[in-house]
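Chain naming here is simple, since letters A, B, ... match the order of the sequence lines and numbering starts at 1 in each. All values derive from a computational prediction rather than experimental measurement.
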Protein chains: 4
Amino acid sequence: MLRIAREQLAAGDDSLQLNTIARLAGVGVGTVYRHFPDRHALMEALSAERFDELVAEARAAAGEPDAVAGLHRLLRSTLACLLADPRLAAVLKSADDAEVRTSAMKAELDEVVAGLLERACRAGAVRADVGADDLRRLLCGVEHAVRAGDGDARRAQLYLDVLVVGLRPAG
Amino acid sequence: MLRIAREQLAAGDDSLQLNTIARLAGVGVGTVYRHFPDRHALMEALSAERFDELVAEARAAAGEPDAVAGLHRLLRSTLACLLADPRLAAVLKSADDAEVRTSAMKAELDEVVAGLLERACRAGAVRADVGADDLRRLLCGVEHAVRAGDGDARRAQLYLDVLVVGLRPAG
Amino acid sequence: MLRIAREQLAAGDDSLQLNTIARLAGVGVGTVYRHFPDRHALMEALSAERFDELVAEARAAAGEPDAVAGLHRLLRSTLACLLADPRLAAVLKSADDAEVRTSAMKAELDEVVAGLLERACRAGAVRADVGADDLRRLLCGVEHAVRAGDGDARRAQLYLDVLVVGLRPAG
Amino acid sequence: MLRIAREQLAAGDDSLQLNTIARLAGVGVGTVYRHFPDRHALMEALSAERFDELVAEARAAAGEPDAVAGLHRLLRSTLACLLADPRLAAVLKSADDAEVRTSAMKAELDEVVAGLLERACRAGAVRADVGADDLRRLLCGVEHAVRAGDGDARRAQLYLDVLVVGLRPAG
DNA sequence: CATGAATGAGGATTCATTCAT
DNA sequence: GATGAATGAATCCTCATTCAT
């Protein structure tokens with residue numbers, strides 16, 4: 001069922017029609033509705049797996065001895081995740097979650113990132129007034145900027161660079 | 001008619017239904033369709049005025065003797081415009097325009113910004129591999145980041161700061 | 001639902017609007033669309049019953065010992081069917097069918113008619129260069145001619161007569 | 001204006017939208033409406049020229065010394081006209097005319113044909129119970145039959161043949 | 001007499017959602 | 001719990017027609 005939904009998205013159909021998914025998945029519409037009350041819930045479910053990967057990546061980055069290297073790794077891998085799955089970006093941005101698990105993962109991510117940020121800050125690589133939430137929003141912004149143009153992948157590196165430099169304490 | 005559309009948007013209705021607008025404006029649906037073949041055209045029309053202001057601001061910023069000060073002013077005013085009118089941001093991002101005038105204004109803006117960027121680059125405030133198009137996309141990204149959270153206006157200043165610093169030549 | 005559609009047609013409304021039918025039938029529009037994707041499908045469904053009768057009649061006519069009498073009977077009964085239900089004539093004319101069943105019935109009809117034609121041909125009542133398809137088209141033509149005037153039923157007999165005579169081998 | 005309409009029809013657009021014609025013709029919609037109150041009037045105007053040709057042909061056919069040869073010529077040329085211009089066929093079938101001129105031409109045609117028919121009848125080539133009106137309707141029927149299939153031109157000759165033979169006194 | 005902007009009834013179609021089986 | 005037929009509000013858009021200029 002999720003597989004079908006993913007295939008639909010991959011095929012360029014962003015509408016995520018529950019009816020269509022049900023038909024393609026060979027199950028009744030009601031069944032889909034039972035599992036995912038609305039499209040938002042479906043979206044969260046769709047991105048949950050990637051979200052897991054994202055958190056794992058973040059945790060690994062936070063585990064690096066060198067905080068600055070860890071931060072760079074975090075930024076890079078997070079952006080990669082966001083670009084790989086637009087759904088994930090949407091979930092990350094959205095203020096209200098359909099599933100508690102999503103909220104929990106967000107909190108977990110923020111906690112991990114906050115820890116890394118603090119270390120990076122003490123190392124002088126990041127200004128003090130930037131929090132985990134800011135970082136999330138800024139990364140979503142970069143994702144947005146990358147997506148705005150044609151699919152030129154080299155821009156992703158440039159924009160990420162701008163963010164890395166921009167995060168340094170001003171002066 | 002545009003007034004009604006703006007009121008609708010102000011009232012939180014982003015759907016921009018041509019039918020509804022027609023009804024509220026007291027004109028026939030056909031009239032709306034005559035003026036704006038589709039929603040995109042309407043959106044461009046809605047933002048055209050602001051776009052004018054934006055270009056004027058950009059021209060003023062580009063006219064400043066100090067290129068760096070000019071650039072900062074450009075970034076600040078552009079972000080302000082984008083935040084003031086979500087439609088403008090959408091038009092700025094979109095790759096294909098409904099009206100030629102919109103494309104013309106985009107070209108004009110890019111030209112003005114490109115000139116300023118070059119000067120700022122020679123002054124050492126901006127890395128050489130960032131073009132007018134990149135700046136536009138990055139600003140849209142910042143707008144996105146600002147909008148992502150609750151309406152905390154102070155974040156706008158922070159994110160803009162990050163962009164300004166991030167644009168400096170790395171190293 | 002089909003009943004309502006038939007009533008509409010009987011009432012002189014040839015537009016077969018799916019919306020109207022839904023309303024009158026007391027079912028949702030979607031229901032009608034589920035059953036009949038477009039008007040053509042509805043038309044085929046409407047005429048399917050009569051088409052059955054037509055095929056049965058044709059089969060009976062083909063079963064007559066005297067091929068010539070059978071052919072006359074076939075022409076007479078077919079024309080009667082076409083005049084009784086304009087939908088049936090339309091379906092018979094149309095090149096592409098919505099339902100496979102319709103195509104199957106057409107093929108069946110043609111087969112039966114082709115057999116009878118051959119016998120009648122051998123009996124000297126029909127020229128050799130007229131096929132089942134031609135007969136179908138000619139009958140539709142006669143139907144058209146009958147309908148062209150005011151509803152003078154006597155003309156039907158005359159025009160059918162012209163066809164019968166016209167089918168004879170020239171000379 | 002008529003030229004534009006004809007071009008539209010030639011291009012396969014049978015809708016004959018007065019608005020479109022006006023736009024393409026570079027005149028106001030009102031102007032079109034002034035000349036042709038409705039689509040029927042336009043259609044008649046469009047076919048008037050052909051109708052002239054048809055009447056001229058009929059007159060020529062009626063003028064032939066040999067009534068039978070004349071009748072055959074009449075049938076052949078009329079069918080050719082009908083096949084050349086679907087509008088003409090529609091006008092010929094329609095019971096009520098928008099313009100008096102159309103009715104006049106119909107009357108004229110019928111008169112000419114009636115005369116020829118009577119001569120052909122006396123010559124034994126046509127049954128007595130077929131009038132000019134019947135002939136018109138039968139020819140429209142043949143046109144219909146020809147059009148029903150793919151554009152196989154050879155069928156036209158066959159069906160016309162069937163009509164010619166069918167018109168002979170039975171027996 | 002020409003114009004063409006404005007009209008808005010009308011018709012087609014979709015799709016989220018329910019609920020009896 | 002699963003099903004999927006039924007629902008019908010909602011939306012889109014067209015186009016014949018009018019009438020003030």
Would you call C:Asp14 and C:Arg39 a salt bridge, taking side-chain N to carboxylate O under 4.0 Å as the test? no

Under the rule of Watson-Crick or G-U wobble with both distances under 3.5 Å, where | means paired to another strand and [ ] a crossing pair, DNA chain E maps to .||||||||||||||||||||

When you measure from the side chain of A:Gln8 to the backbone of A:Ile21, do you find a donor-acceptor pair of N or O atoms at a distance under 3.5 Å? no

Just how far is it from atom CG of D:Asp38 to atom CE of D:Met43, taken to the nearest 0.5 Å? 9.5 Å

If you walk 5' to 3' along DNA chain F, what is the first nucleotide with an atom under 4.0 Å of a heavy atom in chain A, and what is the last? F:dG1 to F:dA5

Looking at C:Asp52 and C:Arg101, does any basic side-chain N land under 4.0 Å from a carboxylate oxygen? yes

State, to 0.1 Å, how close A:Phe36 and A:Leu18 come at their nearest heavy-atom pair, and which atoms those are. O-CD1, 4.1 Å

What residues from residues 6-23 of chain B pass a heavy-atom cutoff of under 4.0 Å to DNA chain E? none

Closest-nucleotide mapping onto DNA chain E: is B:His35 or C:Asp38 further toward the 5' terminus? I mean the 5' end. B:His35

C:Arg34 CZ to E:dC15 C1', in whole Å, measures 11 Å

Compute whether any side-chain donor of one residue and acceptor of the other, for A:Ser103 and A:Asp97, lie under 3.5 angstrom apart. yes

Residue met sooner reading DNA chain F from 5', once C:Gly28 and D:Arg39 are mapped to nucleotides: C:Gly28

If you find the nucleotide of DNA chain E closest to B:Gly30 and the one closest to C:Tyr33, which residue's nucleotide is nearer the 5' end? B:Gly30

Sidechain N-carboxylate O distance under 4.0 Å for A:Lys106, A:Asp110: no

Can we say B:Arg87 and B:Glu49 salt-bridge, meaning some charged N sits less than 4.0 Å from an Asp/Glu carboxylate O? no

Assess whether side-chain contact (heavy atoms from CB on, under 4.5 Å) is satisfied between B:Val29 and B:Arg23, documenting all intermediate values. CA-CA 7 Å; B:Val29 215; B:Arg23 183 164 36 79; over 6 Å; no

Look at D:Lys93 together with D:Glu143 and state whether they make a salt bridge at an N to O cut-off of under 4.0 Å. yes

